[in-house]
Number of protein chains: 2
Amino acid sequence: MAAATDLDRTDFAILHLLAKDAWLSNKQIAASVGLAASSCHERIKSLRARGVLLGAHAEVNLEAIGLALEAVLFVQLGKLEIGVVDDFVSTTATLPEVRSVFLVSGRSDLIVAVAVRDMQHLKAIISEHFNRHDVVLRVETSVVFDSRQQHAIPAP
Amino acid sequence: MAAATDLDRTDFAILHLLAKDAWLSNKQIAASVGLAASSCHERIKSLRARGVLLGAHAEVNLEAIGLALEAVLFVQLGKLEIGVVDDFVSTTATLPEVRSVFLVSGRSDLIVAVAVRDMQHLKAIISEHFNRHDVVLRVETSVVFDSRQQHAIPAP
DNA sequence: ATTGAAAGACCTTGGCG
DNA sequence: CGCCAAGGTCTTTCAAT
């Protein structure tokens, strides 16, 4: 899926701008990269069609919607039967409190970032979702003091 | 920052829609939440002004831009002098390969998600950035097999 | 707060360098 | 590939409720 794509410097510039601010107008982007509006529009359409641009998502202030606490869960799973693990990952990824899920090598099998109202809420999720499933051997919890996301595309 | 905000069901609906797809037009959102275009526009403007909506970011297919490998780094830092740690976190967060940084409690002090071209690139970042700084005691690396992000706002 | 209407800006397509 | 131009659509403001 999505391979044969040679992107030139202009494509990267467009991707970079949109990754930083997906609400830029086509006109603004065109001006920034030195293209006519129609040419820029064509490129963006093409980037979408080729699966390079996957979509855009608004960033919401979690505190403002009552999610004042972030945590990272390190989950160890039992002997993996592929289907069971995949199911657990899928249902985990769709919990409203869950922000991201990583299936990884190493000490833990799953790394789950969550945003919750408070400690009680965190405890509830761990005991009601994670500790309830047989696949889960152990959950280690880290509280997030601070977090930053990078919204930039490395230059070609 | 950003506290005194009571959001009603309509606000949450708008946030939910924009978190899923920031490229929805105002007109489409208005129709979905059952408001006139002008009212919806006003609400979105207000959500932005109040710092509830922080912005929007395009999602780029990392593989398509040559970043075929994702990894998570667990970093242990030495006795923390606040200024030094903050500086290290800041410069780490702006490395082009870095996607997110979490400052956490527990076994590790820093959790860093990176996207890189290949193993050599991963090795280079770890040895040239992390292992070169005195603050860093140890880095443990996990390769990401699969990852998912949730773009949904929990209902009020 | 919400609305409809109006003006202007923008997107989007098609034909041509 | 990129540009211009034109038509259609959307955003954005404002007076009124």
Side-chain angles (χ1 to χ4, degrees), chain A residues 2-66 151 153-156, chain B residues 1-61 63-66 151 153-156:
Chain A
T5 25
D6 23 27
L7 309 170
D8 63 16
R9 200 161 266 104
T10 306
D11 288 318
F12 270 91
I14 293 171
L15 292 175
H16 185 83
L17 288 167
L18 285 175
K20 280 198 305 187
D21 183 359
W23 282 336
L24 287 172
S25 72
N26 177 63
K27 198 189 180 189
Q28 287 174 292
I29 297 166
S32 290
V33 303
L35 246 59
S38 54
S39 316
C40 186
H41 184 253
E42 268 308 314
R43 273 180 186 260
I44 292 174
K45 236 177 31 177
S46 162
L47 288 168
R48 298 247 274 158
R50 286 186 285 169
V52 180
L53 267 174
L54 299 173
H57 306 281
E59 186 184 356
V60 175
N61 184 337
L62 295 174
E63 213 179 320
I65 60 171
H151 300 291
I153 299 303
Chain B
M1 203 146 295
T5 25
D6 23 30
L7 309 171
D8 62 16
R9 201 161 266 103
T10 304
D11 289 319
F12 270 91
I14 292 172
L15 293 175
H16 185 83
L17 289 168
L18 285 176
K20 280 199 304 185
D21 182 1
W23 283 336
L24 287 171
S25 72
N26 178 64
K27 199 188 179 190
Q28 286 174 292
I29 297 166
S32 290
V33 303
L35 246 60
S38 53
S39 316
C40 187
H41 185 252
E42 268 309 313
R43 271 181 188 257
I44 291 174
K45 235 175 32 175
S46 162
L47 289 168
R48 297 246 274 159
R50 285 185 286 169
V52 180
L53 266 174
L54 299 173
H57 305 280
E59 187 184 354
V60 175
N61 183 337
E63 213 179 319
I65 59 171
H151 301 291
I153 299 304

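On a predicted model such as this, the values are computed, not experimentally measured, just so you know. Order of the sequence lines sets the chain letters (A, B, ...), proteins ahead of strands, with each chain counted from 1.
- Between the CG atom of A:Leu35 and the C1' atom of D:dC4 there is a distance of 13 Å, rounded to whole Å.
- A straight line from CH2 of B:Trp23 to C1' of D:dT11 spans 19 Å, rounded to a whole angstrom.
- Computed from coordinates, the A:Leu47 CG to D:dC1 P distance equals 12 Å when rounded to whole Å.
- B:Leu47 is listed as a side-chain neighbour of B:Leu7, based on a closest heavy-atom distance under 4.5 Å.
- Picking from C:dG14, D:dT12, C:dG4 the nucleotide with the shortest atom distance to the side chain of B:Ala37 gives D:dT12.
- Residue A:Ser39 has a polar side-chain atom (N or O) positioned under 4.0 Å from OP1 or OP2 of D:dC3.
- Taking a pair as Watson-Crick or G-U wobble with both distances under 3.5 Å, DNA chain D forms stems of 3 or more consecutive pairs at C:1-16 with D:2-17.
- Counting heavy atoms from C-beta on, the side chains of B:Gln28 and B:Asp21 never come closer than 4.5 Å.
- Closest to the side chain of B:Ala36, from the set C:dT2, C:dT3, D:dT12, is C:dT3.
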Hey, mind stepping through B:Ile29 and B:Ile44 against side chain to side chain contact (heavy atoms under 4.5 Å, CB included) and telling me if it holds?
CA-CA 10 Å; B:Ile29 297 166; B:Ile44 291 174; 4.2 Å; yes
Apply side chain to side chain contact (heavy atoms under 4.5 Å, CB included) to B:Glu42 and B:Leu35, showing your working.
CA-CA 11 Å; B:Glu42 268 309 313; B:Leu35 246 60; over 6 Å; no
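- Between the NE2 atom of B:His41 and the C1' atom of C:dA5 there is a distance of 16 Å, given to the nearest Å.
- With rounding to whole Å, A:Asn26 atom CG is found 15 Å from D:dT9 atom C1'.
- Legend: residues meeting salt bridge (Lys or Arg N to Asp or Glu O under 4.0 Å) with B:Glu59, ordered by chain and number and at least two apart, are absent.
- Distance CD1 (B:Ile44) to C1' (D:dC10): 13 Å, rounded to an integer number of Å.
- For the pair B:Asn26/B:Lys45, no side-chain contact is recorded, criterion being any heavy-atom separation below 4.5 Å from C-beta on.
- In the set D:dT11, D:dC1, C:dG14, D:dT11 carries the atom at the smallest distance from any side-chain atom of B:Lys27.
- The CG-P distance, from B:Leu7 to C:dA1, rounds to 12 Å in whole Å.
- In this model, the phosphate group of C:dT13 is approached by a side-chain N or O of A:Lys45 to a distance below 4.0 Å at OP1 or OP2.
- Backbone-only contact: B:Ser25 has heavy atoms under 4.0 Å from sugar-phosphate atoms and none from a base.
- Within the 4.5 Å cutoff, the side chain of B:Ile14 has no heavy atoms near those of the B:Leu17 side chain.
- Separating the CG atom of B:Asp8 from the C1' atom of C:dT2 is a distance of 13 Å, rounded to the nearest angstrom.
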